[in-house]
Amino acid sequence: MTLIMGVLNVTPDSFSDGGLWLEPDAAIAHGLELVAQGADLVDVGGESTRPGASQVEPAEEQNRVVPVIRELAARGVSVSVDTLNADTARAAVEAGAVIVNDVSGGLADERMPEVLLETGAQYVVMHWRGRLDAADSKAVYRNTVAEVRSELSARVTDLLNRGVDPAKLILDPGLGFSKNAHHNWQVLGGLHDIETLGYPVLIGASRKRFLGALLPEGAPAEDRDAPTAVISALAAQAGAWAVRVHDVPSTRIALDVVRAWQAGRDE
Ligand code: PMM
């Protein structure tokens with residue numbers, strides 16, 4: 001059954017929850033709340049990836065995430081760390097994280113494979129064409145799904161050449177990263193093609209701008225939780241390994257519906 005990765009951004013500037021969980025105690029409490037609500041994993045990040053967000057020094061990033069990861073892991077939570085930086089990834093795994101979630105798929109820091117080899121952590125390879133700019137200048141495709149698939153495949157080949165264990169890899173098509181709304185829907189519609197690469201697939205649609213386009217203008221970010229939950233259900237139906245979401249309860253019930261539906265079909 002599809003897993004739920006709950007988002008815990010320990011940042012002042014993430015677009016939908018920036019600043020809410022910057023204090024370690026508040027972040028830890030929210031991480032535990034996500035698990036109580038039904039999250040299987042908690043994804044802890046200390047640097048916002050939104051366009052124009054300031055880049056964080058690795059030392060500051062580690063100050064934000066390591067205490068939170070250490071405490072959550074000590075309490076039995078399966079933690080992933082959302083980072084582009086190999087030093088932060090290493091510190092996070094030493095503190096108990098089991099997955100490194102790298103939105104650059106190893107392109108931002110070429111030392112990432114060493115950390116994976118040293119620590120044996122699982123690794124989320126996301127489709128990435130560089131840091132986001134306001135103009136979305138890299139969001140240009142002739143065949144979106146085929147290009148995302150082949151660029152992910154190239155990342156996998158590079159990682160395997162550097163000795164990374166294929167059993168540790170998870171792929172993510174990177175919704176919203178150098179992709180406009182149209183591209184995002186194409187990727188979702190073509191999810192099966194990404195899955196044919198043979199790796200577990202993670203989907204991060206939660207509260208993203210392309211969902212806002214379905215809602216009345218000016219609707220708050222939380223209003224995107226309903227469309228997010230529907231995507232969680234459809235992604236589960238399409239065989240996704242996990243969905244990365246801010247609001248766990250709405251996705252929990254969506255996935256429970258999928259499970260009940262599938263059980264009814266299989267009877
Ligand atoms: N999206 C964001 C951050 N990290 N990680 C993965 N693997 N996939 C994503 O789609 C993804 C990610 C941006 O969203 P946020 O600012 O709400 O965390």
Side-chain angles (χ1 to χ4, degrees), residues 2-22 27 30-31 34 39-56 61 64-65 79-85 88-89 92 97-108 112 121-129 131-132 136 139 148 152 155 168-181 183-185 187-188 191 194 199-212 220-222 224-225 227-228 231-232 235 240-248 251:
T2 302
L3 303 178
I4 302 178
M5 176 184 275
V7 179
L8 181 53
N9 283 323
V10 192
T11 57
D13 57 354
S14 284
F15 79 91
S16 66
D17 57 357
L20 287 178
W21 324 114
L22 197 53
H30 185 55
L34 294 171
D40 302 285
L41 300 156
V42 173
D43 188 41
V44 181
E47 182 184 21
S48 172
T49 50
R50 76 177 166 79
S54 56
Q55 269 179 255
V56 175
E61 186 188 25
R64 290 178 186 173
V65 300
V79 176
S80 60
V81 60
D82 189 344
T83 187
L84 302 161
N85 182 275
T88 301
V98 290
I99 302 178
V100 176
N101 173 24
D102 178 357
V103 302
S104 83
L107 289 170
M112 205 54 108
Q122 285 179 275
Y123 188 52
V124 176
V125 183
M126 201 190 79
H127 177 258
W128 195 71
R129 287 183 167 181
R131 287 188 186 273
L132 299 176
D136 255 2
V148 169
L152 274 174
R155 292 309 310 135
K168 304 287 186 184
L169 297 181
I170 296 152
L171 304 185
D172 183 333
L175 297 174
F177 287 82
S178 298
K179 290 167 203 78
N180 63 28
H183 300 138
N184 290 337
W185 291 116
V187 165
L188 287 168
L191 204 52
I194 310 285
Y199 294 89
V201 172
L202 170 67
I203 294 294
S206 187
R207 295 187 180 171
K208 284 186 178 165
R209 195 171 48 193
F210 77 115
L211 300 177
E222 302 82 68
R224 300 178 186 176
D225 289 333
T228 299
I231 290 189
S232 295
W241 167 78
V243 288
R244 179 184 180 278
V245 297
H246 299 87
D247 185 63
V248 170
T251 274

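Read the numbers this way: they start at 1 and go in the same order the structure lists the ligands and their atoms. Each residue takes its place number in the sequence, starting with 1. Computed from a predicted model, the values in this text were never measured in an experiment.
Remark: L84 CG to S104 OG distance equals 5.0 Å, nearest 0.5 Å. Taken to the nearest 0.5 Å, the CG atom of D43 stands 11.0 Å off from the OG atom of S206. In this structure, L188 CG and I194 CD1 are separated by 10.0 Å, a value rounded to the nearest 0.5 Å.
Under the 4.0 angstrom criterion for non-hydrogen atoms, H246 is in contact with ligand 1. Under a 4.0 Å heavy-atom criterion, K208 is in contact with ligand 1.
Geometrically, ligand 1 and V103 share no nitrogen or oxygen pair separated by less than 3.5 Å.
At a heavy-atom distance under 4.0 Å, only side-chain atoms of N9, from C-beta outward, approach ligand 1. Of all the heavy atoms of I203, none lies under 4.0 Å from any atom of ligand 1, so neither backbone nor side chain is involved. Of all the heavy atoms of R244, the ones lying under 4.0 Å from any atom of ligand 1 belong exclusively to the side chain.
Ligand 1 places these atoms under 4.0 Å from at least one heavy atom of N101: 5 (N), 6 (C), 7 (N).
Taking a cutoff of 4.0 Å between a charged side-chain nitrogen and a carboxylate oxygen, R244 and D82 qualify as a salt bridge.
Side-chain contact, T83 with E61: a donor N or O sits under 3.5 Å from an acceptor N or O.
The nearest pair of heavy atoms linking G45 to V65 is C-CG1, 3.6 Å.
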